[in-house]
Number of protein chains: 2
Amino acid sequence: MMHHLLTYLRSLAPLSDESWQLLQPALKRKQVAKNELLLKEGAVCQSLYFIEKGYCRSYYLADGLEKNTGFFFENDIATNISSFGSGQPSEYFIAAGEPLEVIVFDKQRLLEAGKKAPEIETAGRCCIRLFASKQEAFSSLFQLYTAKERLAAIEERYPFMLQRVPLTQLASFLGVARETLSRIRSRRHL
Amino acid sequence: MMHHLLTYLRSLAPLSDESWQLLQPALKRKQVAKNELLLKEGAVCQSLYFIEKGYCRSYYLADGLEKNTGFFFENDIATNISSFGSGQPSEYFIAAGEPLEVIVFDKQRLLEAGKKAPEIETAGRCCIRLFASKQEAFSSLFQLYTAKERLAAIEERYPFMLQRVPLTQLASFLGVARETLSRIRSRRHL
DNA sequence: AAAATGGTGTGACAATTATCACAAAATGCC
DNA sequence: GGCATTTTGTGATAATTGTCACACCATTTT
């Protein structure tokens, strides 16, 4: 049960069996159907989602159009870190892109567990730090590279994204028109 | 002494006078001349920098050109969160854009202080969370907006950036050619 | 089987941007 | 002040991208 999560947490920081037990009340397994929402715009994010299977995406709704801003796959933590941290309402949605199996961390119970076991506090800090690192890495993709290079970087670093994410969603993530991405891709395959 | 930092930390989480005292050994004030480096590419980031005065910028060096990826002003924390967290060498530089007065958090001593006072651990977590939020906010700027809109968003949310950051640096931050940014700006002032 | 749906490829044209070249303005230095 | 260096503005042109329109394909629905 929840092996992947335990492995994930132990890869970040030491975690005794006792701490792991203390963490259990904060955890709950959940299944989410494709296209269902994990977080709605306007709602406060009360959870971290550790992804066991499937993927989800975060997106803004602007002028009726979805603009994807992030994708989260197996062994990632998905959340709105800003809303989760500050208690402010979320400005974007998080939805399942495939049938999803996640482990939900409840914020309140996580804080309580953190008070009982400093190791949990430390693990939480490491999760957030890793989340921040990924955010930073994605962010620099945009500042360092052109759309063409961004696609190449995605192909190299996150090849599974191209297999599993519809081109239309990927285009809005990369910040180019769907047609342009289609052309970039066909140019590359010559 | 260090009033701003104390105010900053207390805005994030409760911090007793005792914890604040325990934190002191991890802190050191430092002055940095304009264009001097806080972090070199290839070096491991061992510090957080709380900015009291001035600003600094992070940039990659690609093909001999500087590509700016972040700007940090008064009451910000500047660091390479990824290198700081993982101990891996930094892929980018951090340099003073103005004469800089910072308070340096030493990583080792910060960890030691965190062990003595859980409040410090919590404060550290909040700092990182805030850092992650800012990172995310900047990142979404690129995915949601065109270059023109990005400039408008910067003007609105971070007006001091336009006053203090040279246009050339801002252009590479926004991901457009210097000439284009100059034209966008002149079009806006009609 | 036909029709509807969602996702993708492609052509044509307009709009935007990058690039190169150079002028003008601002800044720092002696 | 005057000179050198850095920074910013502007024109011309090529390249890239967005937009609109529609075709194509696979899957699902009726």
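This structure is a prediction, so every number in the text was calculated from the model and none was measured. Below, read A as the first sequence line, B as the second, and so on, with proteins coming before strands; counting in each chain starts at 1.
- Protein chain B touches strand DNA chain D; the 5'-most and 3'-most nucleotides with an atom under 4.0 angstrom of its non-hydrogen atoms are dT8(D) to dA12(D).
- Under the salt bridge (charged side-chain N to carboxylate O under 4.0 Å, His left out) criterion, no residue pair touches residues 166-178 of chain B, with sequence neighbours excluded.
- When hydrophobic residues (I, L, V, M, F, W, Y) are linked wherever their side-chain heavy atoms come within less than 4.5 Å, Val44(A) remains an isolated member.
- Under the rule for a side chain to side chain donor-acceptor pair (under 3.5 Å), the partners of Asp17(B) that lie at least two apart in sequence or sit in another chain are Arg10(B).
- Between the two ends of the helix from dA1(C)-dT30(D) to dC30(C)-dG1(D), each summarised by a five-pair axis, the helix axis turns through 40° (rounded to 10 degrees).
- If you chain together ILVMFWY residues whose side-chain heavy atoms come under 4.5 Å of each other, Leu37(B) ends up grouped with Tyr59(B), Leu61(B), Phe93(B).
- The CD-P distance, from Glu98(B) to dT27(C), rounds to 14 Å in whole Å.
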Taking N or O atoms only and anything under 3.5 Å, show me the protein contacts with nucleotides 11-18 of chain C, one pair per line.
residue: dG11(C); atom: N7; partner: Arg183(A); partner atom: NH2; Å: 2.6
residue: dG11(C); atom: O6; partner: Arg183(A); partner atom: NH2; Å: 2.8
residue: dA12(C); atom: N6; partner: Arg183(A); partner atom: NH2; Å: 3.3
residue: dA18(C); atom: OP1; partner: Ala177(B); partner atom: N; Å: 3.4
residue: dA18(C); atom: OP2; partner: Ala177(B); partner atom: N; Å: 3.2
residue: dA18(C); atom: OP2; partner: Thr180(B); partner atom: OG1; Å: 2.4

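- In this structure, the CD atom of Gln169(A) is 12 Å from the C1' atom of dG6(C), given to the nearest Å.
- Residues meeting the salt bridge (Lys or Arg N to Asp or Glu O under 4.0 Å) test with Lys134(A), sequence neighbours left out: Asp76(A).
- Annotation: side chain to side chain donor-acceptor pair (under 3.5 Å) contacts of Glu149(A) (sequence neighbours excluded): Thr146(A).
- Taking the six-membered ring for Trp and the full ring otherwise, the centers of Phe173(A) and Phe138(A) sit less than 6.0 Å from each other.
- For Tyr92(B), the ring-ring contact (aromatic ring centres under 6.0 Å, His included) criterion is met by Tyr60(B), not counting sequence neighbours.
- For Glu121(B), the salt bridge (Lys or Arg N to Asp or Glu O under 4.0 Å) partners two or more places apart in sequence, or in a different chain, are Arg125(A).
- Residue pairs satisfying the salt bridge (charged side-chain N to carboxylate O under 4.0 Å, His left out) criterion with at least one member in residues 88-117 of chain A, sequence neighbours excluded, are listed as follows: Glu98(A)-Arg164(A).
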